[in-house]
Amino acid sequence: MASIHDIRQTWELVAVPGYLVEVRILRRGARPAVGRFTHLDRFVQAVTTANARPDVSGIYVTLNPVAPDAPWVGPFNQVRIGGKAARDTDVAYRRWLLVDCDPVRPAKTNATVAERRAAFTKAGDIGKALRALGWPDPVQAVSGNGAHLLYRLADWPNDKLTTERVQWMLKTLAHRFTDGTVDVDVSVFNASRISKVYGTVPKKGAPSAERPWWPAQIVHRPDPLVPLDHEGWRVLSRWAVDPVHKVWVPSRTPPRASASWTHHVESVCNQLAAWGLDILAEPMVMPDGRTKILVTCPWEAEHSGSSGKTESAVFWSPDGTLGYKCQHMHCAERRWRDVRRVMAPTTATTRSSRSH
């Protein structure tokens, strides 16, 4: 059953006058529904209606404000099947940093009481440690199966440097606090990141007496809610495990594209598109010479397609080899051979038989 109070509080946290709030409703075996909202009551109505549907597995909202002129087809303040989700470039600025503590458990299952308790304890440890570094108190919430800490940012710009800093902060926290029981999710760094609508009930895994569906809830909201300034990422340098990262160094300028590079990368993109994988951004040359191609995740749409530019990527190397990496923990061990096996099973089987 939906909690109208928490749904309204979610709106109060993410809504900014003059900007848009995007809702994404994931449905089992069907395309997600997407809507952009400017009105609280219409937001509450759409969310509560979706929460009551048995085919809905999760209801999400953009944490950061979507620009009012971001590309959109259709009316506002209602959801539509297959609406185009906001991308990172559609976000006006960064308003929230999400620290997501997820208990380790079998894939596509709900958490047990003990697993949730471990996530809550871990989030408490992180909050205390960051408070000792001078960070303000966060909004504390339950994601359903795990725990969230939401740090209000002092309206950081939505640019490459901020994205790199947020990613670095999450990786630093993960290295310090992730263990065999609870993971700190490093994949939630992108600007168009979505998070659970608090007051709804995520229903990803089949419910059981030991692993039931748990509601997403707001536990504590500081008053006043003090924003985190840019010193926040700098003080984490004392936790850095790599001395190189104790001083922030922006990424090097990638090499200029050549005609040969364009030919090979276009061929890879055409193959991915033929398999039905959406290319979500322009291919990007990395400092190590590889080219990163952001794509929808072949296994879980919410890892990618519903969050714009994402953590799911194919990598092309100048020697012609291909790689794959999805930073979401459920796909951490999957590689290019797994993508080929899923998207082109006949080709993969033939190549496998030849290699033997």
Side-chain angles (χ1 to χ4, degrees), residues 7-26 31-47 49-50 58-98 150-167 187-197 225 227-228 230 269 273 278-284 292-296 301-313:
I7 294 173
R8 286 178 172 271
Q9 281 205 83
T10 301
W11 175 269
E12 292 172 4
L13 292 174
V14 301
V16 179
Y19 295 90
L20 303 171
V21 175
E22 184 167 288
V23 174
R24 304 179 196 167
I25 300 169
L26 303 187
R31 299 173 69 190
V34 183
R36 293 186 184 171
F37 289 79
T38 61
H39 195 279
L40 167 61
D41 290 340
R42 298 291 295 274
F43 170 83
V44 172
Q45 180 183 14
V47 169
T49 299
I59 307 171
Y60 295 78
V61 67
T62 46
L63 291 174
N64 298 310
V66 176
D69 59 351
W72 178 251
V73 177
F76 293 102
N77 293 307
Q78 66 183 61
V79 296
R80 58 192 294 265
I81 303 301
K84 192 173 185 64
R87 298 191 175 189
D88 289 348
T89 53
D90 296 329
V91 170
Y93 58 89
R94 296 266 192 162
R95 198 161 187 257
W96 291 100
L97 170 69
L98 170 63
L150 282 165
Y151 287 92
R152 174 75 164 86
L153 301 178
D155 295 351
W156 293 11
N158 177 25
D159 56 20
K160 181 180 178 181
L161 182 58
T162 297
T163 297
E164 291 176 344
R165 287 176 173 174
V166 170
Q167 187 176 26
S187 72
V188 295
F189 65 88
N190 62 305
S192 58
R193 173 55 46 183
I194 54 175
S195 186
K196 305 285 184 9
V197 174
L225 187 58
L228 176 70
H230 286 282
C269 291
D278 291 334
I279 310 298
L280 302 175
E282 289 294 323
M284 176 177 59
K292 184 177 185 179
I293 306 169
L294 294 163
V295 299
T296 51
E302 67 184 84
H303 298 177
S304 49
S306 60
S307 59
K309 194 181 293 184
T310 81
E311 66 277 6
S312 181

Visitor: Please check if atom CZ in Arg31 has more than 12 non-hydrogen atoms from other residues, nucleotides or ligands closer than 6.0 Å.
Guide: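 For Arg31, atom CZ is not crowded (no more than 12 foreign heavy atoms under 6.0 Å).
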Visitor: Less than 4.5 Å apart, any side-chain heavy atom of Ser192 and any of Asp90?
Guide: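 Answer no - side chains too far apart.
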Visitor: Would you please test Val14 and Tyr19 for side chain to side chain contact (heavy atoms under 4.5 Å, CB included) and show each step?
Guide: CA-CA 10 Å; Val14 301; Tyr19 295 90; over 6 Å; no
Visitor: Go through the steps for Asp159 and Arg94 under the test salt bridge (charged side-chain N to carboxylate O under 4.0 Å, His left out), then give the verdict.
Guide: CA-CA 9 Å; Asp159 56 20; Arg94 296 266 192 162; over 6 Å; no
Visitor: From Ile59 CD1 over to Ile194 CD1, what is the distance, rounded to the nearest 0.5 angstrom?
Guide: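 If we round to the nearest 0.5 Å, Ile59:CD1 and Ile194:CD1 are 11.5 Å apart.
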Visitor: Indicate yes or no: at least one non-hydrogen side-chain atom of Arg193 is less than 4.5 angstrom from one of Thr62.
Guide: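 A side-chain contact is absent here, since even the closest heavy-atom pair is not under 4.5 Å.
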Visitor: Is it the case that the side chain of Asn158 and the backbone of Thr89 share a donor-acceptor pair, with hydrogens and angles ignored and the cut-off at 3.5 Å?
Guide: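 No, Asn158 side chain to Thr89 backbone: no donor-acceptor pair under 3.5 Å.
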Visitor: Ignoring hydrogens, what is the shortest heavy-atom contact between Leu294 and Ala313? Give both atom names and the distance.
Guide: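 Heavy atoms only, the tightest pair is CD2-CB, 4.1 Å.
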Visitor: Under the rule for side chain to side chain donor-acceptor pair (under 3.5 Å), what residues qualify as partners of Asn77, not counting sequence neighbours?
Guide: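 Per chain and number, Asn77 pairs via side chain to side chain donor-acceptor pair (under 3.5 Å) with Thr38.
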Visitor: When you measure from the side chain of Arg8 to the backbone N and O of Leu40, does any donor-acceptor pair fall under 3.5 Å?
Guide: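 Not a single qualifying donor-acceptor pair exists.
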Visitor: Taking the side chain as every heavy atom from C-beta outward, state whether Leu153 and Thr162 have any atom pair closer than 4.5 Å.
Guide: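 Contact flag for Leu153/Thr162 side chains = no.
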Visitor: Take atom OH in Tyr151; do more than 12 heavy atoms of anything else shown fall under 6.0 Å from it?
Guide: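 For Tyr151, atom OH is crowded (more than 12 foreign heavy atoms under 6.0 Å).
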Visitor: How are the rings of Phe43 and Trp11 set to each other: parallel, tilted or perpendicular (split at 30° and 60°)?
Guide: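 The rings of Phe43 and Trp11 sit tilted, inter-plane angle from 30° to 60°.
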Visitor: Report yes or no: does Arg80 contribute a side-chain atom to a donor-acceptor pair with the main-chain N or O of Val73 at less than 3.5 Å?
Guide: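 Looks like yes, one N/O pair under 3.5 Å.
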Visitor: Apply side chain to side chain donor-acceptor pair (under 3.5 Å) to Arg36 and list each qualifying residue two or more places apart in sequence or on a separate chain.
Guide: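 In terms of side chain to side chain donor-acceptor pair (under 3.5 Å), with neighbours along the sequence ignored, Arg36 is linked to Glu22.
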Visitor: When rounded to the nearest 0.5 angstrom, what is the spacing between CG in Leu97 and CZ in Arg165?
Guide: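 Between Leu97 CG and Arg165 CZ, I get 13.5 Å after rounding to 0.5 Å.
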Visitor: Between Thr10, Ile7, Val197, Thr49, which is the residue that forms a side-chain contact (heavy atoms from CB on, under 4.5 Å) with Val44?
Guide: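 Of Thr10, Ile7, Val197, Thr49, side-chain contact (heavy atoms from CB on, under 4.5 Å) with Val44 is met by Ile7 alone.
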Visitor: Tell me the closest heavy-atom pair linking Ile293 and Pro283, and the distance in Å.
Guide: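 Heavy-atom minimum between the residues: CG1-CB, 4.1 Å.
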Visitor: Taking side chain as C-beta onward, heavy atoms only, is Tyr60 less than 4.5 Å from Ser195?
Guide: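 Contact flag for Tyr60/Ser195 side chains = no.
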Visitor: Please step through side chain to side chain contact (heavy atoms under 4.5 Å, CB included) for the pair Asn64 and Trp156, ending with a clear verdict.
Guide: CA-CA 10 Å; Asn64 298 310; Trp156 293 11; over 6 Å; no
Visitor: For residues Leu20 and Trp72, determine if any side-chain heavy atom of one lies less than 4.5 Å from a side-chain heavy atom of the other.
Guide: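 Of all side-chain heavy-atom pairs linking Trp72 with Leu20, none is under 4.5 Å.
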Visitor: Heavy atoms, side chains only, cut-off 4.5 Å: are Val16 and Tyr93 in contact?
Guide: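 Yes, their side chains come closer than 4.5 Å.
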Visitor: Is there a side chain to side chain contact (heavy atoms under 4.5 Å, CB included) between Val21 and Val61? Walk through the geometry before answering.
Guide: CA-CA 7 Å; Val21 175; Val61 67; 3.3 Å; yes
